[in-house]
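Here the structure is a predicted model, which means the values were calculated and not measured. Naming: A, B, ... by sequence-line order, numbering from 1 per chain.
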Amino acid sequence: MTTSWADSVDNSAKASVRPTRSAYVPPHLRNQKLSSEPPAVAASYSSSAAASDHVSYGGPAAGSHGGISSKPDFGRQGYGSNAQIGGGSGGGGWNARGIARDRGRREVNPFEKDEPVDQSLDEQENTGINFDAYDDIPVETSGDNVPPPVNTFAEIDLGEALNQNLQRCKYVKPTPVQRYAIPISLAGRDLVACAQTGSGKTAAFCFPIISGIMREQYAQRPRVARTAFPMALILAPTRELSCQIHDEAKKFSYQTGVKVVVAYGGAPINQQLRELERGVDILVATPGRLVDLLERARVSLQMIRYLALDEADRMLDMGFEPQIRKIVEQMDMPPPGMRQTLLFSATFPKEIQGLASDFLSNYVFLAVGRVGSSTDLIVQRVEYVLESDKRSHLMDLLHAQRENGVHGKQSLTLVFVETKKGADALEHCLCVNGFPATSIHGDRSQQERELALRSFKSGNTPILVATDVAARGLDIPRVAHVVNFDLPNDIDDYVHRIGRTGRAGKMGLATAFFNESNLSMAKPLSDLMQEANQEVPAWLTRYAARSSYGGGNRNRRSGGARFGGRDFRKEGSFNKGGDYYGGTGGYGVPGNYGGGYGQGVTSAWD
DNA sequence: AAAAAAG
């Protein structure tokens with residue numbers, strides 16, 4: 001295994017002596033005899049000097065809190081066998097006493113893996129937070145009697161145990177989506193929340209759920225041997241995301257007695273079954289494995305009080321909808337009104353909102369405009385690259401990053417491709433050419449997927465080639481660059497993909513390769529970039545103009561998505577022309593906003 | 001058309 005970028009490039013230089021594959025040749029050495037080591041000429045990006053004004057793309061931690069790169073990882077490296085199944089107090093569902101009881105298993109401290117944070121640094125960082133900018137964030141709510149937002153966690157008063165966990169998580173002040181969503185949820189209302197990636201959504205739905213379960217601590221649950229009766233169900237579209245939510249929820253529920261269990265496919269089911277038998281209050285799951293568990297009658301949904309769908313628009317799109325309907329409507333889950341339903345996503349097309357309304361009862365719609373966390377911290381670039389030139393162009397970019405020193409151990413590049421096959425091919429190509437890459441996609445085993453993610457996060461392989469499996473929700477610190485090697489066909493997917501960078505208050509760069517096969521994306525992409533105050537190349541504007549008359553109004557954003565979204569109940573249902581969208585809005589939130597986050601505090605944003 | 005999610 002290569003251990004660092006430099007090592008691997010060295011190796012490639014040596015390897016290139018062998019008459020094997022065509023090794024990558026940096027631009028300045030092409031058509032020359034390959035010498036041992038490329039001279040230290042800093043290759044620079046080919047275009048858009050303006051971009052470098054925004055993103056000082058010349059060093060690690062390009063964001064304004066420069067040198068402080070260590071951020072508590074919250075122990076998420078434990079995707080493997082230990083974390084999600086491990087620990088927690090026993091007791092449980094078929095114990096007539098409601099909440100999980102401690103059966104003598106010591107609850108693992110989910111915070112102990114966190115990197116120790118230098119207190120003085122922490123303090124200094126926290127005072128730099130520009131909380132005033134919160135007030136400028138556009139928020140729209142609609143529905144009957146919407147509970148008012150709060151400004152502090154203290155106003156919510158979640159109780160001693162949860163307050164302590166807030167502190168352990170270093171959450172000082174609620175993020176906008178939390179300010180609104182938590183009171184709404186605590187009031188028992190159903191909720192559709194549209195808030196951009198990295199805006200603190202997980203905590204926004206977890207805290208009310210945990211708090212509610214604690215209040216119903218003594219609710220009677222049926223005794224059925226080997227059947228678990230969770231009170232809350234959280235569904236997510238990918239296994240890795242369900243792990244991540246589980247890890248977060250473990251922290252939020254530490255020492256509350258509320259037991260969180262995760263279940264997903266690709267991993268041995270027996271361990272998950274054992275964990276369920278020990279009792280579960282909150283079940284985090286992917287749909288396929290949950291259906292399996294329901295059919296085996298190892299899980300019953302009849303005690304469900306809370307249902308949360310993360311990435312809800314994805315959960316209700318064509319691929320997932322039947323499974324979700326089966327779980328929500330055709331098993332033993334209480335109907336809307338008898339349970340509380342919370343839907344969260346960064347994007348929410350109105351057609352999908354229509355489907356979602358089947359699951360909801362008198363819900364509140366919440367849209368939070370861009371919150372300074374994500375898209376205004378992302379510099380977006382589009383480059384015209386022929387299909388046949390993509391690989392060499394990508395390697396030029398990667399090489400330039402290395403020359404510029406960006407690829408320190410902590411600076412990561414995430415490359416999205418369209419197909420699983422394409423991911424394998426590109427990974428292989430990069431490795432052969434000496435770039436330390438790995439890949440993640442649905443044809444790899446779960447073990448391989450988790451290994452790839454760990455290796456990427458740790459910086460061992462600072463390049464990750466991925467399909468859309470990695471597009472949504474994953475919080476990977478230090479991703480400095482997202483490359484859309486193949487553009488997606490849906491602008492929402494693009495939004496989710498680029499949201500993997502620009503996190504934790506750091507700047508991020510997103511580069512897209514565009515060519516004739518992406519014509520349908522010209523208009524939506526150029527509109528999106530324009531709304532985000534990005535520099536749109538003239539050639540892209542021309543493509544956009546050309547594509548707009550031709551037919552398909554593919555640009556669902558054109559209508560009125562300047563905001564964080566709009567409640568589809570306010571418009572004629574199912575008409576085209578508006579999308580619900582919590583990503584880039586055309587808002588002038590000052591660009592300096594992201595600069596002052598504290599490292600611990602920013603982690604509240606997912 | 002592809003990806004994800006059960007085995």
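- At the phosphate of dA2(B), neither OP1 nor OP2 sits under 4.0 Å from any side-chain N or O atom of Thr467(A).
- Atom NE2 in His496(A) sits roughly 14 Å away from atom C1' in dA4(B) (whole-Å rounding).
- Contacts of Gly319(A) with the nucleic acid, taken as non-hydrogen atoms under 4.0 Å apart, include base atoms.
- One interatomic measurement links the two molecules: CG of Asp492(A) to C1' of dA2(B), which rounds to 16 Å at whole-angstrom precision.
- Proximity of a side-chain donor or acceptor of Lys390(A) to a complementary backbone N or O of Phe485(A) within less than 3.5 Å is detected.
- A donor-acceptor pair shorter than 3.5 Å can be found between the side chains of Thr461(A) and Ser455(A).
- At dA2(B), none of the side-chain N or O atoms of Lys421(A) fall inside 4.0 Å of OP1 or OP2 (strictly under the cut-off).
- Straight-line distance from the CZ atom of Arg314(A) to the C1' atom of dA2(B): 10 Å, rounded to whole Å.
- Atom CG in Asp313(A) sits about 14 Å away from atom C1' in dA3(B), given to the nearest Å.
- Backbone-only contact: Arg239(A) has heavy atoms under 4.0 Å from sugar-phosphate atoms and none from a base.
- Asp310(A) has its CG atom 18 Å from the P atom of dA4(B), to the nearest Å.
- Rounded to whole Å, the distance from NZ on Lys326(A) to C1' on dA5(B) is 13 Å.
- For the pair Ile269(A) CD1 and dA5(B) P, the computed distance is 15 Å after rounding to whole Å.
- Residues Met521(A) and Pro488(A) approach most closely at CG-O, 3.3 Å, considering heavy atoms.
- Side-chain contact of Glu516(A) with Tyr384(A): a donor-acceptor pair under 3.5 Å is present, judged by distance alone.
- Side-chain N/O atoms of Arg449(A) include one lying less than 4.0 angstrom from OP1 or OP2 on dA5(B).
- Checking dA1(B), dA5(B), dA4(B) against every side-chain atom of Asn489(A), the shortest atom distance belongs to dA1(B).
- A distance-only check finds a donor-acceptor pair linking the side chain of Arg500(A) to the backbone of Leu474(A) [under 3.5 Å].
- Atom pair Asp317(A):CG and dA3(B):P shows a separation of 14 Å (rounding to whole Å applied).
- Arg296(A) comes within 4.0 angstrom of no nucleic acid atom, judged by non-hydrogen atoms across all strands.
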